[in-house]
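Some notes on the structure that comes next.
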Amino acid sequence: MYQVLYRKWRPQTFDDVSGQEHITTTLKNEVSSGRLNHAYLFTGSRGTGKTTCAKILSKAANCLNPQNGNPCGECEICRGIDDGSVLDVVEMDAASNRGIGDVRSIIDEVQFKPANPNCKYRVYIVDEVHMLTSEAFNALLKTLEEPPEHVIFILATTEVHKLPQTILSRCQRFDFHRIATRAIADRLLYVAQQEDIKLSDSASILIASVADGALRDALSLLDRCIAMSTNIDDEVVRNAAGLSRKTYLYDLAAAVINKNTEKSLDIIDRLYAESKDMSRLCEELLSHFRALMLIKSVRNPRDILVMSDEEFDEAQTQADYLSLADIVYYMDVLSRSYQRMGHGTSDRTEFEMAMVKLSSAELDGTYEALTARLTALEKAVKRGVKISTEPLVSPQRQEEQVIDEQPIVTQQPTKEEPLKPDVIEEPKQEAEPVHKPAPVTKPAPQVTSQQAAKGSADINEIYRNARPFPEWVDVVGNLKDISRAIAAAFTGSSAYVSGNYLLIDTSNEMAFELLKQGSRREEVRKIILETTGRVYKLGPYKRVKNEQKQEDSLEVFKKSLEGTGVEIIEE
């Protein structure tokens, strides 16, 4: 008979338990030192290893040849506990044995020493102990407080708040945490390798995310995936878990961010025609904006959000275009709309009203709407945008004029017109024309070789006079507020200041690619202004050797003038 994965691959030693090192290390030390407690309480959410650790502890306490706190798994006691032939380890389900009569039978049994002469302890594992009745708890109190020397109680529960305080005070408590996504994924990859199953890393991450910290749930989902295919990728996981690509949520969010009411109503009409439940759609969009809120607020949101890498990247792009106040306002409108659904107005009408409010904040008089609009105005003031007070301009149109934002799309935003390869703005040289220009036509300006050499020397002088810019670390840190992508590109870089030039030194070409985009460059300049109070021209830092000959600088400058129409006369 086929044995499911979570039973087949149940850990047999403390070292095999994933994500609970704070517990397994303590239990191993207690076994090694012989300082075992008489009563343990294991609490935590489902699938985190409570029952597994209880079984391992029962074997380690009775093992004839323990290995640094772990059971050996080879002695007759370890094998007997695994196959159920050793009767001194009793596992009881309190959900079905919850009365005072069941507890009295335990009280009578603990008076006898272990039936197997090689066993040191009688171990009672009580699962879901919170299901015991009040009378059963009261009957267990005295025995739990002072049991015979040869008895160990291990109580396990998912709802520790339901236990009486008198029980909690008599046990050594261990809280099992939800297992980290990466730890679950690593275990899945190991199991798949042992089962000769091809499992991609991204698919293992997706399974771990769906499992929500429960390794047993992850292994059960892996079982379902194997039933569909032995070559498991993201698509197989989505089909097995019932996850579908919800592109319509990203389209609706993009329409809201772009203030495109018409598009959002068109999407709702299409989904309604496809029999999409409007209350469910409102709930899904609310969850989508929650994901954007976490991206803006949490250091590692990827560990929390259940979505593919592609969906996460797209969500991160949308979050870059919104402030936290905007997102909270969107969530508040959708939450109020969801609460009113089913109470008079049709769900579709209620949801359409919410989408119109999201596209036109001035239609909503709530505190959250006002906060979102004030946040937009603060952005504009920081950028130095002049706010129009013309009475004929509607509030919506006025906000559109104030907020100088790049509209978002569902895909990555298109790049703006790039700058010239050299981002730095070269100092302009005023050159007197050799021949007096005619009254009508103006010939191209001409530069002598001495003037060209002087201009090249001025450029090199900028680099030579560059000094370290200590505030650059603060600038890079503040860049996270506008875009994580920009902040990541400049991570590890340094900067130098020379006059009104800020020269950036980094080996990451992506940083200069971002600076070639007009909107991104202005965002960096805005953060520099907010951090330092000064406006700088941006450019790359180039190290200039002092021993460089003047003729070399002249040749470089002459090449830079090629194709510009400037005539160079050598004397």
Side-chain angles (χ1 to χ4, degrees), residues 257-259 292 295-297 316-329 361 371-389 398-409 412-420 422-425 466 468-506 508-541:
I257 297 170
N258 287 330
K259 309 300 180 187
L292 302 189
I295 291 175
K296 297 288 287 188
S297 308
Q316 199 167 32
T317 301
Q318 289 188 340
D320 284 342
Y321 287 91
L322 293 171
S323 67
L324 195 57
D326 292 332
I327 299 174
V328 172
Y329 166 62
T371 302
R373 297 177 66 188
L374 287 177
T375 302
L377 292 174
E378 288 173 354
K379 285 183 179 180
V381 171
K382 286 182 179 180
R383 291 183 171 185
V385 178
K386 188 175 181 180
I387 302 176
S388 174
T389 57
Q398 184 178 8
E399 188 173 341
E400 291 173 357
Q401 292 176 354
V402 171
I403 306 173
D404 183 21
E405 295 285 351
Q406 175 75 15
I408 190 171
V409 291
Q412 294 290 337
T414 56
K415 292 185 178 180
E416 298 187 13
E417 182 181 357
L419 295 177
K420 294 179 181 179
D422 192 2
V423 181
I424 191 171
E425 301 178 17
F469 186 60
E471 296 175 289
W472 181 246
V473 176
D474 297 330
V475 171
V476 174
N478 293 335
L479 284 174
K480 296 178 181 178
D481 295 336
I482 60 171
S483 173
R484 294 177 182 271
I486 297 179
F490 285 101
T491 299
S493 64
S494 57
Y496 300 83
V497 63
S498 178
N500 61 341
Y501 287 96
L502 185 62
L503 310 176
I504 302 171
D505 185 15
T506 179
N508 190 347
E509 294 295 331
M510 181 58 67
F512 295 110
E513 290 296 326
L514 289 172
L515 286 181
K516 291 178 183 179
Q517 303 178 27
S519 62
R520 296 301 194 187
R521 186 171 67 258
E522 290 305 318
E523 288 174 345
V524 175
R525 283 178 172 169
K526 182 196 73 171
I527 292 297
I528 294 174
L529 175 61
E530 293 176 0
T531 306
T532 66
R534 292 194 58 185
V535 178
Y536 290 98
K537 297 178 181 179
L538 304 179
Y541 178 67

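Throughout, numbering of the chain's residues begins at 1 and tracks the sequence.
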Requested in this report: Could you tell me whether the side chain of Ser297 reaches within less than 4.5 Å of the side chain of Leu324, counting heavy atoms only?
Outcome: yes

Report task. Look up atom OG in Ser498 and atom CG in Leu503, then write down how far apart they are to the nearest 0.5 Å. Result -> 6.5 Å

Query raised in the report: So, Arg525 and Glu522, do they make that salt bridge, N to O below 4.0 Å?
Result: yes

Report task. Might you point out which heavy atoms bring Phe469 and Val475 nearest each other, and give the distance in Å? Result -> CE2-CG2, 4.5 Å

Query raised in the report: Quick one: CD1 on Ile257 to CG on Leu322, what's the gap to the nearest 0.5 Å?
Result: 4.0 Å

Query - Sub-4.5 Å side-chain heavy-atom contact between Ile528 and Leu538 - result: yes

Query - For Thr506, all residues meeting side-chain hydrogen bond (donor to acceptor under 3.5 Å, both in side chains), sequence neighbours excluded - result: none

Report summary line: Scanning both residues in full, the closest heavy-atom pair of Pro468 with Val497 reads O-CG1, 4.4 Å

Query raised in the report: Given side chains that start at C-beta, do those of Ile327 and Lys296 come closer than 4.5 Å, heavy atoms only?
Result: yes

Query raised in the report: Any luck finding a side-chain donor-acceptor pair between Ser494 and Trp472 under 3.5 Å?
Result: no

Report summary line: Distance col, row Tyr321:OH vs Asn258:CG, nearest 0.5 angstrom, shows 9.0 Å

Query - Any side-chain donor near an acceptor of the partner, Ser323 and Asp326, under 3.5 Å - result: yes

Query raised in the report: Rounded to the nearest 0.5 Å, how far apart are NZ of Lys537 and CG of Leu502?
Result: 13.0 Å

